[in-house]
Amino acid sequence: MTNTKTAFLLLSFLLISACEQREAQHSFSEATFIKRSIPYMHHDVPTELILTKYETVQPNEWGERTTGVQTHFETTEKEIALTFDACGGPHGSNVDRELIRFLQKEQIPSTLFINSRWIEKNTKLFQQLATNPLFQIENHGTHHQPLSVNGKSAWGISGTASVKEVIAEVKENQEKIENLTGSKSTLFRSGTAYYDEVAVQIAKDLGIQIVNYTILGDVGATFTSGQVKNALITAKPGDIALLHINQPKSGTSEGVKQAVPILHEKGFTFVQLHNQNLQ
């Protein structure tokens with residue numbers, strides 16, 4: 001019965017998009033990007049349809065600002081969003097407990113993009129963070145890879161190399177988060193925050209929005225505390241800052257501590273990303 005249903009869905013999709021197949025060997029132009037788009041939805045498009053849809057499509061873009069990546073949100077208030085990545089892996093599974101304590105003490109709502117490997121190393125803490133309403137939990141990927149359909153690299157990290165790998169990088173960690181928290185993440189930031197526009201559209205077809213930043217708050221946790229502070233205090237309404245909570249020896253914690261009072265004095269409040277009009 002399941003095979004019959006899948007076959008029917010696949011046949012329907014192919015009939016609807018038959019006129020597109022002649023373009024499949026060409027690059028992923030803006031026109032085909034719009035034509036191929038499946039409207040954003042919170043339920044998944046069947047994986048078989050996505051594999052068929054994109055199997056021969058080649059991207060034109062590569063970077064942090066590719067078509068479809070959200071970098072800020074619309075607001076009429078003096079609001080900004082602090083987002084923190086937890087990258088995982090041999091050098092990325094640490095915990096900046098001082099930073100977490102500060103956010104809790106000052107009641108700073110934040111959005112945490114958390115990688116599967118960090119969750120595995122810090123499962124108990126992850127579950128504690130997930131139950132705290134101050135922290136919105138979102139997806140930082142399964143293997144912390146740039147999101148690509150053809151294996152592009154960024155900052156020395158090899159990206160996903162196929163449509164199937166794009167789906168796995170997004171979905172496997174999404175399912176892990178849902179299994180541990182009971183909530184399904186709908187926002188995603190890749191390792192290195194690099195994408196091609198085909199991978200971004202695949203995520204959209206899966207009901208997931210790609211979110212990057214307007215403020216590079218700690219440059220991969222390499223900034224000094226003063227540099228972090230100076231980056232954050234330039235904030236404008238609707239800005240999204242990218243920082244890290246997995247590098248306790250970095251200047252991130254102290255920089256955030258220095259910046260928050262200044263931003264409060266300027267009249268800013270901090271918000272999570274859910275229910276925001278992301279742009």
Side-chain angles (χ1 to χ4, degrees), residues 28 58-72 81-96 99 111-122 138-170 172-174 187-203 208-228 230-232 234 239-253 255-256:
F28 201 66
Q58 294 300 312
N60 288 321
E61 303 175 41
W62 179 243
E64 298 172 292
R65 299 286 187 271
T66 54
T67 301
V69 173
Q70 315 297 315
T71 59
H72 62 285
L82 299 184
T83 70
F84 297 90
D85 289 358
C87 305
H91 305 291
S93 291
N94 296 318
V95 179
D96 194 334
L99 177 55
T111 302
L112 312 182
F113 287 87
I114 301 187
N115 179 257
S116 178
R117 300 170 305 170
W118 194 93
I119 295 172
E120 290 172 3
K121 186 73 180 291
N122 303 284
E138 296 296 346
N139 186 352
H140 195 37
T142 304
H143 302 291
H144 196 257
Q145 291 181 279
L147 216 59
S148 165
V149 295
N150 56 10
K152 286 235 178 170
S153 299
W155 302 108
I157 300 176
S158 297
T160 51
S162 66
V163 174
K164 186 175 181 179
E165 288 187 15
V166 168
I167 294 170
E169 179 67 13
V170 174
E172 287 178 13
N173 195 43
Q174 184 192 48
L187 305 182
F188 179 90
R189 180 182 290 149
S190 72
T192 76
Y194 266 66
Y195 318 83
D196 65 45
E197 79 277 23
V198 182
V200 173
Q201 187 62 29
I202 291 168
I208 295 162
Q209 290 181 290
I210 303 293
V211 180
N212 270 6
Y213 62 90
T214 45
I215 298 174
L216 194 53
D218 63 5
V219 186
T222 64
F223 265 6
T224 65
S225 58
Q227 289 172 314
V228 173
N230 290 337
L232 292 177
T234 65
D239 273 347
I240 298 173
L242 189 162
L243 301 136
H244 291 77
I245 64 163
N246 64 315
Q247 297 295 343
K249 294 182 179 180
S250 74
T252 302
S253 178
V256 171

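Scope of the values below: all heavy atoms of this structure, side chains included, with no hydrogens, waters or symmetry mates. Numbering starts at 1 and runs along the sequence shown.
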**Q** Please confirm whether the backbone N or O of L242 pairs with a side-chain atom of D85, one donor and one acceptor, at under 3.5 Å?
**A**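 No, because the side chain of D85 does not come within donor-acceptor range (under 3.5 Å) of the backbone of L242.
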**Q** Does Y194 have R189 sitting over its ring (NZ/CZ under 6.0 Å from centre, angle to axis within 45°)?
**A**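 No, R189 and Y194 do not form such a contact.
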**Q** Could you tell me whether a side-chain N or O of N212 sits under 3.5 Å from a main-chain N or O of A193, the two making a donor and an acceptor?
**A**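 Yes; judged by distance alone, with no hydrogens or angles, the pair exists.
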**Q** Do side-chain atoms of Q145 reach the backbone of E169 as a donor and acceptor pair under 3.5 angstrom?
**A**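 Not confirmed, Q145 side chain does not pair with E169 backbone.
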**Q** Any side-chain to backbone donor/acceptor pair from S158 onto S153? Under 3.5 Å, distance only.
**A**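 Checked: no pair found.
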**Q** Is the backbone of G68 close enough, under 3.5 Å, to the side chain of E197 for a donor and an acceptor to pair up by distance?
**A**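 Judged by distance alone, no pair lies under 3.5 Å.
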**Q** First locate atom NE2 of H244, then atom SG of C87, and finally report the distance between them rounded to the nearest 0.5 Å.
**A** 4.0 Å
**Q** What are the two closest non-hydrogen atoms of S190 and P146, and how far apart are they?
**A**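 Here S190 and P146 meet closest at OG-CA, 4.2 Å.
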**Q** Tell me the closest heavy-atom pair linking V170 and N139, and the distance in Å.
**A**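 In terms of heavy atoms, the two residues are closest at O-ND2, 2.8 Å.
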**Q** Any donor-acceptor pair under 3.5 Å linking the side chain of N115 with the backbone of G141?
**A** yes
**Q** One thing to verify: whether K152 and D196 come together as a salt bridge, which I'm taking to mean a side-chain N less than 4.0 angstrom from a carboxylate O.
**A**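 Result for this pair is no, no salt bridge flagged.
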**Q** Could you give the distance from NE2 (H144) to OG1 (T192), rounded to the nearest 0.5 Å?
**A** 7.0 Å
**Q** Nearest heavy-atom pair of I202 and I167: which atoms, and what distance?
**A** CG2-CG1, 4.0 Å
**Q** If you take all heavy atoms of I215 and T234, which pair is closest and at what distance?
**A**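 That would be CD1-OG1, 4.5 Å.
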**Q** Between the side chain of T83 and the main-chain N/O of Y213, is any donor-acceptor distance below 3.5 Å?
**A**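 Not confirmed, T83 side chain does not pair with Y213 backbone.
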**Q** Donor-acceptor pair, E61 side chain versus T67 backbone, under 3.5 Å?
**A** yes
**Q** Counting N and O atoms only, with roles assigned by atom type, does the side chain of D239 sit under 3.5 Å from a partner on the main chain of T214, one being a donor and the other an acceptor?
**A** no
**Q** Can a donor-acceptor pair be found, under 3.5 Å and without considering hydrogens, that links the side chain of W118 to the backbone of N94?
**A**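 Yes: the side chain of W118 pairs with the backbone of N94.
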**Q** Over all heavy atoms of both residues, which pair between F223 and G217 is shortest? Give the atoms and the distance, please.
**A** CD2-O, 3.5 Å
**Q** Does either side chain, that of E172 or that of S116, offer a donor lying less than 3.5 Å from an acceptor on the other one?
**A** no
**Q** I need the Q247 CD to T252 OG1 distance, nearest 0.5 Å.
**A**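 Taking CD in Q247 and OG1 in T252, the distance rounds to 8.0 Å.
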